[in-house]
Amino acid sequence: MIKAITNRDLVDAGIPGGSYLPSLTARGNRLLEDHSREDVIQRLKAIYKAEYTVPIVPLLEEGPELKVNLEAGNEAEQANLEACVTTMREAARTPTVRAAAILPDACPSGPAGTITVGGVIATENAIHPGMHSADICCSMMATNLGQVDPRAAMDAAFRHVRFGPLARNTPDRLTLDPQLLKEFEQNPFMREQKILHNAEVQLGTQGDGNHFYFIGISEQTGDTYIVSHHGSRGVGGHLYKLGMKEATKYTGSCSPETLPQNVWIEAESQTGQDYWEALQLARAWTKYNHSSVHDLIARDLGVTGQDRFWNEHNFVFKRNGLYYHAKGATPAWEGFADDNDSAGRTIIPLNMSQPVLIVKGRDNPDALGFSPHGAGRNMSRKAHKRTLEGRTMDEVFTEETAHIDARFQSGKIDTSELPSAYKNAESVIDQIDRMALATVVDRILPHGSIMAGECDAPWKQRRAAR
DNA sequence: ATGTCC
């Protein structure tokens with residue numbers, strides 16, 4: 001008579017303890033009728049692995065080849081290029097990744113192995129919150145005001161925009177589309193209280209950092225344009241956090257080697273579908289945010305402002321069965337969204353003293369179908385500040401904004417957003433052309449720019465006091 | 001970028 005197999009035998013054989021042990025043991029004892037004890041234990045180990053564990057996927061030995069659409073013109077740009085390649089190659093080892101590219105405005109962001117700004121990563125059945133970034137649906141919108149005095153447009157814009165982290169909407173100014181709110185409430189992510197709250201109180205606000213309103217003149221027609229740049233504010237900020245939490249949980253069980261910033265949500269799972277829908281709702285809110293403020297400005301000026309187009313540059317796009325994560329990259333193919341411009345126009349800003357480019361994307365496969373989203377930075381904000389040492393802020397401001405009406409809504413100059421903080425505009429334009437990323441169809445020549453400026457947010461003061 | 005760890 002062969003000795004029966006016990007739970008203890010399985011644990012001794014290396015199977016971790018758990019509530020499944022009795023059923024495994026019972027199956028083993030039935031197998032004992034035809035197989036040796038040794039053989040049965042081996043079989044049970046195999047059954048355990050196949051039925052009771054999620055397969056662990058290793059990092060790719062070497063990810064797909066990085067498509068480099070970036071040329072370095074000097075030593076600083078060379079250092080930037082090398083840093084971008086290193087971090088993107090590491091990110092591309094994440095098991096879900098099928099393709100990766102950098103664009104002429106690429107610069108690193110976050111810890112090693114993080115997708116760069118000016119970067120695109122395509123994945124299979126995976127949405128990576130860390131790859132579309134926290135500023136979900138950061139985007140550009142342009143409205144043609146017609147033959148309006150740009151000085152009047154600047155003043156009207158300044159009256160209606162609300163920059164800065166503390167900016168709030170008031171219900172007498174703008175109200176949220178009730179249908180959109182209803183859709184938020186039906187989504188497991190968007191019905192989060194903080195998201196619903198921010199959707200109301202941050203409506204028509206622009207935030208800070210590199211976000212802006214720009215007034216300029218079309219080179220082609222002489223018409224005055226509003227161009228705005230911002231994302232989904234706290235709405236997307238919170239959605240990003242919820243997404244990262246889900247992704248961290250999921251990836252921990254199947255790919256513990258994946259870097260914390262590269263975790264993902266299985267796109268085809270229920271959670272993945274809910275998150276995808278939540279991204280679309282954050283996008284809809286962002287569009288409403290841009291367009292409702294454009295409407296306020298147009299109405300103030302007594303025009304309709306109906307010729308309008310927009311594009312996101314921090315988002316996830318589904319194409320040919322893959323999920324394209326753009327972190328500061330402009331989609332350059334026809335039909336990237338169901339509401340993209342019928343004439344195929346997208347918007348690439350450079351810096352406040354340079355024209356905003358209106359382009360038609362060239363869907364270049366070497367750039368995975370994307371074009372840049374701006375000029376990009378060659379150095380960190382801190383490093384840029386160091387280059388200005390010894391000069392007063394007013395001096396630098398006056399020199400760099402001599403030909404435009406540059407306004408900071410907080411009243412304090414933010415030098416990290418002045419033109420010298422950004423890469424050389426001509427070089428970026430040249431690369432867009434030579435690398436066949438997009439065709440410039442118009443340029444909105446700069447008249448004026450509104451940004452947040454340095455802000456004294458309470459949490460910043462607390463940090464400074466320590 | 002985000003009231004930047006509820």
Side-chain angles (χ1 to χ4, degrees), chain A residues 105-111 114-119 128-141 161-169 189-190 192-213 228-249 260-261 263 275 278-279 281-283 285-286 289-290 312-316 325-329 349 373-377 380-382 384 408-410 414 416-417 421-422 450-466:
Chain A
D105 56 339
C107 53
S109 155
T114 307
I115 185 174
T116 60
V117 170
H128 296 250
M131 294 182 187
H132 58 56
S133 98
D135 192 10
I136 294 172
C137 199
C138 192
S139 45
M140 302 296 308
M141 186 176 278
V161 297
R162 295 193 182 176
F163 278 95
L166 300 172
R168 289 293 176 265
N169 182 43
F189 288 96
M190 302 306 270
E192 177 84 7
Q193 211 41 244
K194 272 184 199 165
I195 294 182
L196 295 176
H197 178 71
N198 278 328
E200 298 277 8
V201 303
Q202 294 188 345
L203 192 60
T205 70
Q206 291 76 37
D208 58 4
N210 61 2
H211 294 169
F212 64 76
Y213 260 72
S228 57
H229 173 223
H230 62 72
S232 51
R233 309 281 292 110
V235 170
H238 285 296
L239 174 59
Y240 167 78
K241 280 199 185 81
L242 296 175
M244 282 303 278
K245 202 169 142 190
E246 279 298 330
T248 302
K249 195 170 74 182
Q261 65 270 38
V263 294
Y275 190 69
L279 290 174
L281 291 173
R283 180 182 190 277
W285 186 89
T286 307
N289 194 2
H290 280 284
E312 60 271 53
H313 55 222
N314 285 359
F315 210 62
V316 188
H325 299 70
K327 179 164 161 183
H373 83 310
R377 295 174 186 274
S380 68
R381 286 163 192 262
K382 229 182 221 171
H384 172 252
F408 290 110
Q409 207 168 36
S410 72
D414 178 357
S416 72
E417 290 303 331
Y422 287 90
I450 307 169
M451 298 189 87
E454 292 276 10
C455 304
D456 296 319
W459 60 93
K460 277 187 184 174
Q461 289 176 340
R462 277 198 295 276
R463 184 180 295 176
R466 279 199 291 270

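Everything quoted here is computed from the prediction, not taken from an experiment.
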Nearest-nucleotide pick for [X], side chain only, options being [options]:
{"X": "A/Lys194", "options": "B/dC6, B/dG3, B/dT2", "result": "B/dC6"}
{"X": "A/Lys241", "options": "B/dA1, B/dT2, B/dG3", "result": "B/dT2"}
{"X": "A/Asp208", "options": "B/dA1, B/dG3, B/dC6", "result": "B/dA1"}
{"X": "A/Arg168", "options": "B/dC6, B/dG3, B/dA1", "result": "B/dG3"}

Is any NZ, NE, NH1 or NH2 atom of the basic residue among A/Glu200 and A/Arg168 found under 4.0 Å from an Asp or Glu carboxylate oxygen of the other?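 No.
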
Side chain of A/Arg233, base of B/dG3: donor and acceptor closer than 3.5 Å?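 Checked by distance alone, the answer is no.
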
Nearest whole angstrom, please: distance from the [atom2] of [N] to the [atom1] of [X].
{"X": "A/His211", "N": "B/dT2", "atom1": "NE2", "atom2": "C1'", "result": "10 Å"}
{"X": "A/Arg381", "N": "B/dA1", "atom1": "CZ", "atom2": "C1'", "result": "9 Å"}
{"X": "A/Gln261", "N": "B/dT4", "atom1": "CD", "atom2": "P", "result": "20 Å"}
{"X": "A/Tyr240", "N": "B/dA1", "atom1": "OH", "atom2": "P", "result": "14 Å"}
{"X": "A/Asn198", "N": "B/dA1", "atom1": "CG", "atom2": "P", "result": "17 Å"}
{"X": "A/Ile195", "N": "B/dT2", "atom1": "CD1", "atom2": "C1'", "result": "12 Å"}
{"X": "A/Phe315", "N": "B/dA1", "atom1": "CZ", "atom2": "C1'", "result": "16 Å"}
{"X": "A/Lys245", "N": "B/dC6", "atom1": "NZ", "atom2": "P", "result": "10 Å"}

Can you tell me if A/Asn210 touches the phosphate of B/dA1, counting only side-chain N or O atoms and a distance under 4.0 Å to OP1 or OP2?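 Indeed, a polar side-chain atom of A/Asn210 lies that close.
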
Return no unless some side-chain N or O of A/Gln206 is found under 4.0 Å from OP1 or OP2 of B/dA1.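 Checking A/Gln206 against B/dA1: no side-chain N or O falls below 4.0 Å of OP1 or OP2.
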
Between A/Met244 and A/Pro129, which heavy-atom pair has the shortest distance, and what is it?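 Taking every non-hydrogen atom into account, SD-CB, 3.6 Å.
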
Once side chain to side chain donor-acceptor pair (under 3.5 Å) is applied, what residue pairs with a partner in residues 231-243 of chain A remain, sequence neighbours excluded?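 Listed by first then second residue: A/Asn198-A/His238, A/Thr205-A/Arg233.
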
Looking across every strand, which nucleic acid part, if any, lies under 4.0 Å from A/Gln202 by heavy atom: base, sugar-phosphate, or nothing?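 Touches sugar-phosphate only.
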
Scan A/Gly231 against the nucleic acid and name what it touches under 4.0 Å (heavy atoms): base, sugar-phosphate only, or nothing.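 If one applies the 4.0 Å heavy-atom cut-off, A/Gly231 turns out to touch nothing in the nucleic acid.
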
Note, A/Phe315 side chain near A/Arg283 side chain (heavy atom, < 4.5 Å):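 In contact.
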
Could you tell me which residues satisfy ring-ring contact (aromatic ring centres under 6.0 Å, His included) with A/His384, sequence neighbours excluded, listed by chain and number?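 Expected list: none.
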
